[in-house]
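Per chain, numbering begins at 1; letters A, B, ... match sequence-line order. For clarity, every value in this text was computed on a predicted model and none was experimentally measured.
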Amino acid sequence: MNGMGERLGIRHVAWAIGIAVFLAIPHVVTDKFLMHLAILGMLYAIVASNWDLTLGYAGVFNFAHLAFFGIGAYTSGILAVKYGISPWLGIPAGGVTAALASILVSIPAIRLRGIYVALLTFACSQLVLLLLLSQPLITGGQQGLTGVPQLQIGDFLFRKSKFAHFYLVGFLLLCSTVFLRRLVTSDFGLSLIALRDFEEYAVARGIPLARQRLLAFLLSSIFPGLAGGVYAHFLIVASPDIFGFSLTTLLLSMVLVGGVATIYGPVLVGVVMTFVSELMATSAWMSDVFGISRGPVRFMFVAVLIVLTMRFFPEGIWGLIKRFSTRARNAQGTATEEQSEIT
Amino acid sequence: MTPLLSVDKATKKFGELVAVDNVSFEVNEGEIYGIAGPNGAGKTTLFNLITGIPYHADAGSVYLRSEDISALSPHEIYELGIARTFQKETAFDTLTVQENVRIGAVFGTALRPDQYEDAVEQALTDLDLGADRERLAGELSLYAKKRLMIASAIVSAPSLLMLDEPAGGLNVAELSELEELIRRLSRGDMTIIIIEHVLPLLFGVSNRVMVMDFGKRLAEGSPEELARDDVVIEAYLGERGKDAFHAISG
Amino acid sequence: MTLEALVAIIAGGLVSGSLYALMASGLSLVWGTVRMFNFAHGALVMVGAYSAWYVSNRGGIAKALQPIGKSIVANGEEAGALGGLLLPLGEWILSIKGGFGLALGVPFAILCCGLVGYIMYVLLVKPFVSKPGADLVVIITTIAGASFMQNGVQVIFGPRYKQLDRILKGPPLQILETAIGLQEVLIIVLTPLTLFLLHLFLKHSKLGLAIRAVAQNDDFAHLVGINVSQIYPLTFVVSSILAGLCGVMLGGLFFILPTMGAQELLFAFVVVVFGGLGSLPGTIVGAYVIGFIRESSAYIIDLYWAPVVLFATLIIVLIFRPRGLMGGEDS
C-alpha cells in the first residue's frame, strides 16, 4: 500500500513540474521560430498519440489517421473562408466531421483483417484527398485553401501574443493525453488489447469486436479533428500536403519511435521529432556539409530511423523506459524480499 | 425437462471435406458430457460452430434452453452463458493474469461493476492462480495458461462450460488436479461439455459420452455402456487399443 | 455514345489496364509467395522511370560525362602516347551528348530495379520475415522505404519534371478516326507479351517452379529441397523488374516526378483487392477491368471523378467481399 502511495505521489509531482515548466516556456524562450515548432510539434503529438490508440492498442492496421486531421483542418478552414463562420465554432465542427468520417471508415474496416484494413484505410484517406482536389472552387485544389483567418478573441489576435497559441495547443494536448490514458487503462482499453492479442479468444469472452473497434476509431478521431482545425487557423492555410506520403511517414515515426501502445511515447517523441525534422530542414549546416537540398533529406532521415527502430528496438523509447523501470522495480522488490527472509 | 443445450443435425463442410456431418445431441442441466474420437473426427469443429468461433454451422441448429443461437455472434453466445476454452493454451499475453480474468468478468456478464473484483479473486483462488496475478500471461507455463483460460471462463459463472482438451500436455499430478477441478465445478451447478483424448479422465468424469469419427456421431451412452460396445471401441481405437481400453476401464 | 468515343475508351482502358497489370502482378506475386505487402512498389515504378531517363536522356549521365570528355580531348593532344589512346574515348563521350537512348536505358532500368528490389528485400523485409506481426511491420518498413526513395531521388535529380523519350516516334495511328499514339499502341502490345513471358518463367523455368511451390506451401517447398530463403529475394527482384517496366512505359506517357508511382500504387491496390491478392490471373483480369472502369467513368462522368469512382468501388467491394472479389472466402 505504501508503495502505491509513493508512486502516486511521484506521478503527481511529475505532472506538477511538467505543467509548471510548460507554463514558463513562452516567457523564457524568445525565439519565435522555436515557439512555432513547439506549437506544431504539440499538434502532431496529438495526432500521433491518438493514432496510437488504433494502431498500437487496438492493433488495427489503420493508415487513415492523418485524414481525420486533414478533415478537421479543411472543415474549419472552409467554414471560415467560404461561410464566415467563427473558428471557435469551426474547430469543434472539425472534431465532429472527423468523428463522422471515422465512423464511415470503420464500418467497412471492422469487417476486414490485417492487410485489407491497411489497403482500405489508405484508400479512404486518398479518397478524401481526391474529393478535396476535385472541388477546387471550395477547397483551393492543389494549391490548398488560403486565407484562413487567424484565431482571435475580440480584438486580441493570437498571433500577436507570445503565449496564446502555445497555451491553447498545450491545453488541447493535455486534454487529449489525459483522455487517452484514461481510455487505455479502463476496461475498454483492456478489451482493445485483448482483441489485439487474440481476437477469437476475446470474442469468446464476450467482447463485442465490431463495437469496440468502431469506438476505438471514433474516440481517437475527435482530438485529431480538433487539432486539424487549430492547425489550419495557426498556419492560415489548409494544404493537401497533409495527405502526402511524407507527412504520414513522419507521424508514423513518432508513433513507432515513441513506442506503440504507450500514448506517452508518441506525445513525447511527437514534439521532439518535429523539432529534429524541422531543424534539419532549415539548418544551414545540412546544406553546407552535404551540399544538397535540405527538405527531402529530413524525410530520408525519418525513414531510416523508422526502419532502425523496427529492427533494433521495436518497443520504442517509452517501451524501453518502461521495461527498465519495471526491471529495476522487480530487482528492488526481490532484494527487499530476500532481506526480510534473512531477518 | 428441456435440455440445456441441443444440437440438431449440425453440418459443417470445408470444401469437399465434411468436418461435422449431421450431428445431433443433447446435454442436460448439471451433467458432464464427454466427446471422444480420434484426431480429425470433428470434435473441435463442433465446439466452434456451437460457439460461433470462428464460424457457424452450414446447416442444422443449436439451441440453448430452446432458444435458437445458431446465428448469434460469439460475444452474444457468451452473454447467454456459454463459455469455452481452446485446445491450444491461449491467453492475452500482454495482459496480466488478473486482467485476463477480469476480461471474462466485465464483458457480456450479469455481474455489476462492484462485483467484478470479488468474482475475479474467487476465480483466481479456484484455479490456484492467486500468486501469479501480477504476472504477464505470456510468461506462464502451459499448465498455468490452461488454468488461466478456465479461470476466465468460469468467472462469469456460465451455465455451460465447454472444455476443449484441457488435459493435453499435462503430467500425472496435474491430471488428477484437473479431474478434481472438473468435479468441483460440476458440483457448483455448472454444466460441462468436455473433449478429451485422455480417456481415463474423460470416462472418469463424464455422465455420458458421445463418440465421433469422420464427422459423424458413432455412439452415445454412459461410460459403462460404451466400454461394453466393442464396435465403437474398435472403430475408435483399433484392435490393439481395444485391449488397452479394457485394461484401463477394468 | 459515338463510335470514336467508344474506340477512345477501349484504347484508354487497354493502356491503363496494361500499366495496372504490370504493377499489380508484381504486388500479387510477392503477396502470394512471401505473404508480405510491398508499399514501396510504387516507388519502384519511379526508380524504373528515372534510371531509364538517366541513361537514355541527354540530361542524364551523358551530360554528366561531357566535362570529362572535354578535358580528355583538350589535354589529350598534348599528353603524348597515353593521350593518344584516351583521345578516342574522349571523342566518343562528346559524340553521345544526346544520351544513350532507350536501347540502353531500358536494360539499365531493369538492372537498377532488380538491384533496388534485392536491397529492399534485404533491408526492409528479411529481418522481419519470420517474426510475429511481420505483415504490419513490413507495411511500415516499406512505407519508410518508399519515402526514402522518393526523397532520395528528389535530392539527386531535383524536383523538376523530366520526360522520357517515346520508344516509337511517328504520327499516331488512326483507328475509326480516333488517333491513338504509338507509345500507347506499344504499351497495349508489349504488356501482354511481358505477362506471357512471366507466365512462361513461372510455368517452365526451374526458378519459376520453385516460386510457385513456395507460394503453394512453404513447408512443403522446404521438404522437397527448395531453398525458401533464396526464393523470397528472387520474387522481390522479379516483382521490382515488373514495376520498373511499368515505370519505363509510364515515363513515355507522362512526366517523370519523384512522387510518380504513388497514385498508380493506389490503383494497383484497387486491382489486387478486386482480383484477389496472390492470384495472378485474377490480378490481370482485375487490372483490365479497373482500366476500363476508370476510362469510361473519366469519359462519362468527369476526369476528376474517375479515381473517386474507383476508390468507392474498392470500398464497396471490401464491404461485401472482405477478401476481394475473386479471393477465397476463408483462409
How long is the span from the [atom1] atom in [X] to the [atom2] atom in [Y], to the nearest 0.5 Å?
X: I207(A); Y: Y78(B); atom1: CD1; atom2: OH; value: 9.0 Å
X: N100(B); Y: I193(A); atom1: CG; atom2: CD1; value: 10.5 Å
X: D197(A); Y: T94(B); atom1: CG; atom2: OG1; value: 3.5 Å
X: R211(A); Y: F107(B); atom1: CZ; atom2: CZ; value: 7.5 Å
X: D187(A); Y: Y116(B); atom1: CG; atom2: OH; value: 6.5 Å
X: H75(B); Y: L209(A); atom1: NE2; atom2: CG; value: 9.0 Å

Please name all residues satisfying side chain to side chain donor-acceptor pair (under 3.5 Å) with R323(A), sequence neighbours left out, ordered by chain then number.
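Here the qualifying residues are E315(A).
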Check the surroundings of atom [atom1] in [X]: do more than 12 heavy atoms from other residues, nucleotides or ligands lie under 6.0 Å from it?
X: D189(B); atom1: CG; value: no
X: R112(B); atom1: CZ; value: no
X: E117(B); atom1: CD; value: no
X: R184(B); atom1: CZ; value: yes

With a 4.5 angstrom heavy-atom cut-off, which part of A202(A) approaches chain B: side chain, backbone, both or neither?
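When you check distances to chain B, atoms from both the backbone and side chain of A202(A) fall under 4.5 Å.
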At a heavy-atom separation under 4.5 Å, does T51(B) approach chain A through its side chain, its backbone, both, or neither?
neither
Test side chain to side chain donor-acceptor pair (under 3.5 Å) on S156(B) and R205(A) and set out the steps.
CA-CA 9 Å; S156(B) 60; R205(A) 290 293 172 268; over 6 Å; no
With heavy-atom distances below 4.5 Å as the criterion, would you say the side chains of I53(B) and V203(A) are in contact?
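I53(B) vs V203(A): side chains touch.
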Heavy atoms only, distances under 4.5 angstrom: which of [options] has the most pairs with chain A? Name it, please.
options: S73(B), G108(B), P74(B); result: P74(B)
options: A153(B), P158(B), G138(B), A83(B); result: A153(B)
options: E79(B), E99(B), E76(B); result: E99(B)

Mind checking whether F86(B) and Y201(A) have parallel, tilted or perpendicular rings, split at 30° and 60°?
perpendicular
Does R133(B) have any salt bridge (Lys or Arg N to Asp or Glu O under 4.0 Å) partners at least two apart in sequence or in another chain, and if so, which?
E121(B)
